[in-house]
Amino acid sequence: MGIKQHRRKLASGEERTYVYEVSHEQRRSVAVVRNSGSDSVSPLFYRGEEKNRIVAALKADSSLLVIGEPGCGKTTLVDSVAAALAEAGFPLATINPATPKQILLSIASQLGTDTESIEGKALTVTGLMEAIADFLSENTAFLLIDDAHRLSVSIRCWLEELHSGGQPMLLVASRPPAKDIFLKLPRIELQPLSHRQIREIMQQAAGELGIELSAAQLAQLQQRCGGNPMLAKRVVREEYLGLEENSPDHTQWVDGTPFLIAGLMVFTIVRFIGLGLNSTSLYLIGGLVGVTVGIVRLLLYSLPKKSVRLGR
Amino acid sequence: MRSITHALFATTATSLLLGTAEPTLLLTGALASQLPDVDTSRSIPGRILLPVSSWLEKRYPHRTITHSFLATGAIALVTLPVVIIASKLWQALILGYFCGWFADVFTKSGVAAFYPSAARLVIPGNPQLRLSTGSPAEYFVMAVLILVAIALLTINSNGGILRTFNSTLGIPSGAVEIVNSEGSQYLLMAQVYGRWAIAQQSVNEKFEVVRPLTQTDLLLKDSSGKRYRTGSSQNCQIIASRILIERSSPVRLQVQEMQLTEQVVAEVLAQYQNSMSERTYINGTLTVEDAEDLVVTTHADSFNTITLQHGREVGVVQLESASPAEVLSLLGDYYASGSLIIRTVEVL
């Protein structure tokens, strides 16, 4: 159960906000229609192009895998694709990772298939899988799977089977393993957002928290976000809570250590210049530089590597 | 990083890479290192150039566009006309700017060095090991930079890294290099550590440098005026393990050429008498007539400034940094032809 909100601009120029409930039985039931100008703001959405491409691909019976780092806006993208497909009137099932049974029950309820046998007994996992597969082979419906990298093997195998049967589906994952279903689907990688977009998200987040951030503060905070909208909101919240800066979590890094060492290595040429000019001193200095660079390299490479876990 | 750290880093790098201790260049480097931080109005350059900084900070995150190879290249291009006036100044400017942002590579959030790519360049890869602004580690780096800067300034004002290396280590070939480059400007003294080639006694004495002979040997003179070939080659009188060169006083060199065509040596030398001093050295080759009775005594323990080869009726005399007194006493009365170079070192 959840509450969703959409903002529409009507032909008359009036803006309306639809707030509706998403339930298990009915996909959505419109509850409130509000005229816009209300205090609530719709979240910024910058992945329009990707959304259109995905919707078009799904409508053309193709499946897709969307990958991107955590927080880069995958779930938002799935939601908007779901909204677009629902608007076009297609039945669909949105799946979040859970136990296989829960997932299958959720799909069954969203698509409206039976969860019980003719004798009134609850279907087993295999039974549910078959029932859903049967339904999908007879009807056009879409499966949208968020956080697909967390799916269990059984569900992945089942999805793979559905995929080879021609079932269109959208898998969204961050750094999935390069195997089975993930390898078979055509892939879109979500690119980091631009500086301007991240800045807008930060401004909106600041607005929602009711704090004023100067351009200088935003520029300072934005260093820690990369192109990641989740981090953009998080750093604003950290500023709001007055937390101290910790190590940035985005993934857009270039480790300059090899460049530094290569740059220093250039100076060992002095040794050969010394050799060429028959200057013992230059030769010695070049040798000393060579040894120093060797030591620096040894030390730099023996430093502990970046931890994959948070904190020290 | 604090602006003072940037300035120190840039000063050190400018001094090291340009090999200079000139205040204008170092100051240019230090000032240019402040420029990248113009992208935030919180920094000093940002406050001075407020319109620029507020324009930049509205559009770009901190440490992006101004902290990049792109901006460095652009500034290098724009300021290219400075090369015509002062190329060193331009180098210091670009180096200072580069160092200004490159130092931020060692901070937690790094710099977008490859702008327009948003990827941030960092060294080292582990964020826990990088600096954060105002941390104790930054003050430590600052202290180290100050020490390095002082050392570099001393070295550079002493004539550069190579000169300091040579004068500290005292390798004979390094001493020759110093004499080659400074011999015409300063009277040089050489502290020699080694041994006498024949007597095998150890030497730890100070000599005056006359001139370099080969790439490894120097001609030195002691207080009594005796010359010694000193270095590492076989025919040296002093086999030196270390030669430390010191500057004594500035000098002016005077070089005169003397032509003799069957003239009496003493008469010709007399013409140059008033320009001669105790540091006058005569070089060249003379053909001496009626040289049957001419005898040149050779010394095993010191350098032979005059050598003689007997020919038929004539003698060929080679002079190598001979003093006028020696030449006069030995050849004064003879008729000779040839050309001599008289080198006089005048202490200012």
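Lettering follows sequence order; numbering is per chain, from 1.
- Taking both residues in full, the closest heavy atoms of A:Ala219 and B:Glu57 are given as CB-O, 3.9 Å, listed atom of the first, atom of the second, then distance.
- Smallest separation of non-hydrogen atoms from B:Ala118 and A:Gln252: CB-NE2, 3.6 Å.
- Other residues, nucleotides and ligands contribute only 12 or fewer heavy atoms inside 6.0 Å of the CZ atom of B:Phe140.
- Of the atoms belonging to B:Leu129, it is side-chain heavy atoms, and not backbone ones, that fall under 4.5 Å from chain A.
- For the atom pair CG (A:Leu218) and NE2 (B:His62), the distance works out to 13.5 Å, reported to the nearest 0.5 Å.
- Counting heavy-atom pairs closer than 4.5 Å to chain B, the top-ranked of the candidates A:Pro192, A:Ser307, A:Pro304 is A:Pro304.
- The greatest number of non-hydrogen atom pairs below 4.5 Å with chain B, out of A:Ser194, A:Ala215, A:Gly226, A:Pro258, is found for A:Ala215.
- Shown here is A:Tyr46, whose OH atom has more than 12 heavy atoms of other residues, nucleotides or ligands within 6.0 Å.
- Interatomic distance, A:Asn278 CG to B:Glu177 CD, rounded to the nearest 0.5 Å: 9.5 Å.
- Heavy atoms only, all atoms of each residue included: B:Ser41 and A:Ala216 are closest at OG-CB, 3.6 Å.
- Contacts between B:Leu169 and chain A at a heavy-atom distance below 4.5 Å involve the side chain alone, from C-beta outward.
- Atom OG of B:Ser173 and atom OH of A:Tyr283 lie 13.0 Å apart (nearest 0.5 Å).
- Contacts between A:Ser214 and chain B at a heavy-atom distance below 4.5 Å are absent for every atom of the residue.
- Listed here is the closest heavy atom pair of B:Arg59 and A:His195: O-CB, 4.3 Å.
- Looking at B:Thr216, neither its backbone nor its side chain comes within 4.5 Å of chain A, counting heavy atoms on both sides.
- If you measure heavy-atom distances from B:Leu121 to chain A, the contacts under 4.5 Å come from both the backbone and the side chain.
- Counting heavy atoms from C-beta outward, B:Arg120 and A:His250 have side chains that approach closer than 4.5 Å.
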Item to check | Criterion side-chain contact (heavy atoms from CB on, under 4.5 Å) on B:Phe165 and A:Leu288, from CA distance to verdict | outcome: CA-CA 11 Å; B:Phe165 187 80; A:Leu288 287 180; 3.7 Å; yes

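- Sparse packing is recorded around CZ of A:Phe272, with 12 or fewer heavy atoms of other residues, nucleotides or ligands lying under 6.0 Å away.
- The number of heavy-atom neighbours closer than 6.0 Å to CD1 of B:Ile4, taken from other residues, nucleotides and ligands shown, is 12 or below.
- Closest of all the heavy-atom pairs between B:Tyr60 and A:Arg199 is O-NH2, 3.1 Å.
- Of the atoms belonging to B:Leu17, it is side-chain heavy atoms, and not backbone ones, that fall under 4.5 Å from chain A.
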Next on the checklist: Quick one, A:Gln217 with B:Arg42, criterion side-chain contact (heavy atoms from CB on, under 4.5 Å). Give me CA distance, side-chain angles, the key distance, then yes/no.
Outcome noted: CA-CA 9 Å; A:Gln217 274 173 305; B:Arg42 286 170 165 190; 2.9 Å; yes

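- Atom CZ of B:Arg211 is surrounded by more than 12 heavy atoms from other residues, nucleotides or ligands within 6.0 Å.
- Contact of B:Val105 with chain A is not made at all, since no heavy-atom distance falls under 4.5 Å.
- Considering only heavy atoms from C-beta on, A:Lys305 stays 4.5 Å or farther from B:Asn126 through its side chain.
- More than 12 heavy-atom neighbours from other residues, nucleotides or ligands sit within 6.0 angstrom of CG on A:Leu303.
- Taking all atoms of both residues into account, the shortest heavy-atom contact from A:Asp255 to B:Pro124 is OD1-C, 4.1 Å.
- Rounded to the nearest 0.5 angstrom, A:Ser281 OG and B:Ile161 CD1 are separated by 13.0 Å.
- Atom CZ of B:Arg247 is surrounded by more than 12 heavy atoms from other residues, nucleotides or ligands within 6.0 Å.
- Between the side chains of A:Gln220 and B:Thr40, no donor-acceptor pair is found at a separation under 3.5 Å.
- Note on A:Leu260, A:Thr280, A:Ile285: by heavy-atom pairs under 4.5 Å with chain B, the leading option is A:Ile285.
- Within 6.0 Å of CZ on A:Arg234 lie more than 12 heavy atoms contributed by other residues, nucleotides or ligands.
- In this structure, chain B has heavy atoms under 4.5 Å from both the backbone and the side chain of A:Leu282.
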Item to check | Criterion side-chain contact (heavy atoms from CB on, under 4.5 Å) on A:Leu284 and B:Ile171, from CA distance to verdict | outcome: CA-CA 11 Å; A:Leu284 285 177; B:Ile171 312 165; 3.2 Å; yes

